[in-house]
> 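A single structure is presented below for examination.
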Amino acid sequence: MAEFGVQAEKRRRNEGIVINDEWPGYSLDLFSYPAHYSGDLDCVIVPHGVIMDRTERLARNIMDDLGDHDIVVLCVLKGGYQFCADLVDRIKVLSCNSNQTIPMRVHFIRLKSYLNDQSTEDLHIVGADDLSFLAGKNVLIVEGIVGTGKTMETLLKHVEAFRPKMIKVAGLLVKRVQNRSTCVPDFVGFEIPNRFVVGYALDYNEYFRDLNHICVISESGKKKYKI
């Protein structure tokens, strides 16, 4: 019973901060952001400072669960690169200032399945043809955003084929969408409404990666950068 209680507590701790569907977001006037995106955004849904605080907490959770394990961090580009960099930095700081330590290697792969604001069935995995070095290793996949979970399911199956010892997933954002798979990250930053968000390396046709906050793109912004 005690073991079950511990596992339940871990699940609650790692489920993430829930942002309700009714949340209107913060006014853009309250924050600094690049002037070239004026008119392209509706609101700030997660400010940069909150992202950083939550990332530090996730680093502590990962240390608690995986401390003293050698891990290979598999960073999913391009949307996950900023989250991965900040998460790894905070794990390194914690490793240097505690008795626990996580020796880490970082490898980069790229997933591409979006056209404009729609996910497509055509998923490309770049840089993952030979992941044989993952055999017998503990793997932490770091992703910026998870929607239906189908893309993550495909990636997990691909990684599992190389027979790692363990796979954990850290996702900064998880969208509440219909028909979401049971594939949910082990470590979640924020659960957000089903709105198209950009910033903090998340893009819309390669724009908005230079935005520090996570924001909701406006309809005019979608039209402006549509391909």
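Sequential numbering from 1 along the given sequence is applied to the chain's residues. Bear in mind the structure is a predicted one, so any value in this text is a computation, not a measurement.
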> One pair to check against side-chain contact (heavy atoms from CB on, under 4.5 Å): Leu202 and Val197. What are the steps and the verdict?
CA-CA 7 Å; Leu202 301 173; Val197 295; 4.2 Å; yes
> Would you tell me whether Asp40 and Tyr204 have side-chain atoms, one donor and one acceptor, within less than 3.5 Å of each other?
no
> Salt bridge check, Glu160 against Lys157: does any charged N sit closer than 4.0 Å to a carboxylate O?
no
> Decide, yes or no, whether a salt bridge links Arg60 with Glu56 under the criterion of side-chain N to carboxylate O below 4.0 Å.
yes
> Are any of the side-chain nitrogens in Lys78 or Glu206 under 4.0 Å away from the carboxylate oxygens of its partner?
yes
> Any chance you could lay out the side-chain contact (heavy atoms from CB on, under 4.5 Å) test for Leu74 and Val142, step after step, and finish with the verdict?
CA-CA 6 Å; Leu74 206 57; Val142 180; over 6 Å; no
> Is the distance between the ring centroids of Phe31 and His48 under 6.0 Å?
no
> May I ask you to test the Asp203-Val198 pair for a side-chain heavy-atom distance under 4.5 Å?
no
> With a 4.5 Å cut-off on side-chain heavy atoms, are Val146 and Val184 touching?
no
> Using every non-hydrogen atom in the two residues, find where Leu134 and Val159 come nearest and quote the distance to one decimal.
CD1-CG1, 3.9 Å
> Would you confirm whether Ser95, through its side chain, and Pro103, through its main-chain N or O, come within 3.5 Å as a donor-acceptor pair?
no
> Find out whether Arg90 and Met52 are in side-chain contact, i.e. whether some heavy atom of one side chain is under 4.5 Å from a heavy atom of the other.
yes
> Hey, could you give me the CZ/CZ distance between Phe187 and Arg54, rounded to the nearest 0.5 Å?
10.5 Å
> State the CD1-CG distance between Ile71 and Asn138, to the nearest 0.5 angstrom.
8.0 Å
> Side chains of residues 17-25: which donor-acceptor partners sit under 3.5 Å, not counting sequence neighbours?
unit_1	atom_1	unit_2	atom_2	d
Asp21	OD1	Arg176	NE	3.4
Asp21	OD1	Arg176	NH2	2.6

> Rounded to the nearest 0.5 Å, how far apart are NZ of Lys137 and CE of Met166?
13.0 Å
> Could you measure the distance from the CD1 atom of Ile109 to the NE2 atom of His107? Nearest 0.5 Å is fine.
7.0 Å
> Could you pull out the closest heavy-atom pair between Met63 and Ser98, with the gap in Å?
CE-OG, 4.0 Å
> With clusters defined by side-chain heavy atoms of hydrophobic residues (ILVMFWY) lying less than 4.5 Å apart, directly or transitively, does Leu156 cluster with Phe133?
yes
> Closest heavy-atom contact between Cys215 and Val44?
SG-CG2, 3.8 Å
> How many angstroms lie between CG in Leu155 and SG in Cys183, if you round to the nearest 0.5 Å?
9.0 Å
> When you look at Cys43 and Val216, which way does the side-chain contact (heavy atoms from CB on, under 4.5 Å) test go after all the steps?
CA-CA 6 Å; Cys43 65; Val216 177; 3.8 Å; yes
> Could you tell me if the side chain of Leu28 sits less than 4.5 Å from the side chain of Tyr33, heavy atoms only?
yes
> Between Gly221 and Ile217, which heavy-atom pair has the shortest distance, and what is it?
C-CD1, 3.9 Å
> So, do His213 and Val46 sit near enough that their side-chain heavy atoms are less than 4.5 Å apart?
no
> Any side-chain heavy atom of Tyr200 sitting closer than 4.5 Å to one from Leu211?
no
> Which atom names give the shortest non-hydrogen contact between Pro185 and Ala170, and what distance separates them?
CB-C, 4.4 Å
> Picking from Asp53, Asn61, Thr55, what satisfies side chain to side chain donor-acceptor pair (under 3.5 Å) with Arg57?
Asn61
> Please tell me if the side chains of Pro164 and Val72 come closer than 4.5 Å, counting only heavy atoms from C-beta onward.
no
> Among Val73, Ile62, Leu172, which residue satisfies the side chain to side chain contact (heavy atoms under 4.5 Å, CB included) criterion with Leu87?
Ile62
> Working to the nearest 0.5 Å, report the span between OG of Ser220 and CG of Asp42.
7.5 Å
> Could you report the tightest heavy-atom contact between Ala59 and Ile91, atom names first, then the distance?
CB-CG1, 3.8 Å
> Please collect all ring-ring contact (aromatic ring centres under 6.0 Å, His included) contacts where either partner lies in residues 68-95, sequence neighbours excluded, each pair once.
none
> With side chains defined as the heavy atoms from C-beta onward, is the minimum distance between Ile141 and Val76 less than 4.5 Å?
yes
> Compute the centroid of each ring, for Tyr225 and then for Phe208, and state whether the two points are separated by less than 6.0 Å.
yes
> Output yes when Lys168 and Asp65 qualify as a salt bridge under the 4.0 Å nitrogen-oxygen rule, no when they do not.
no
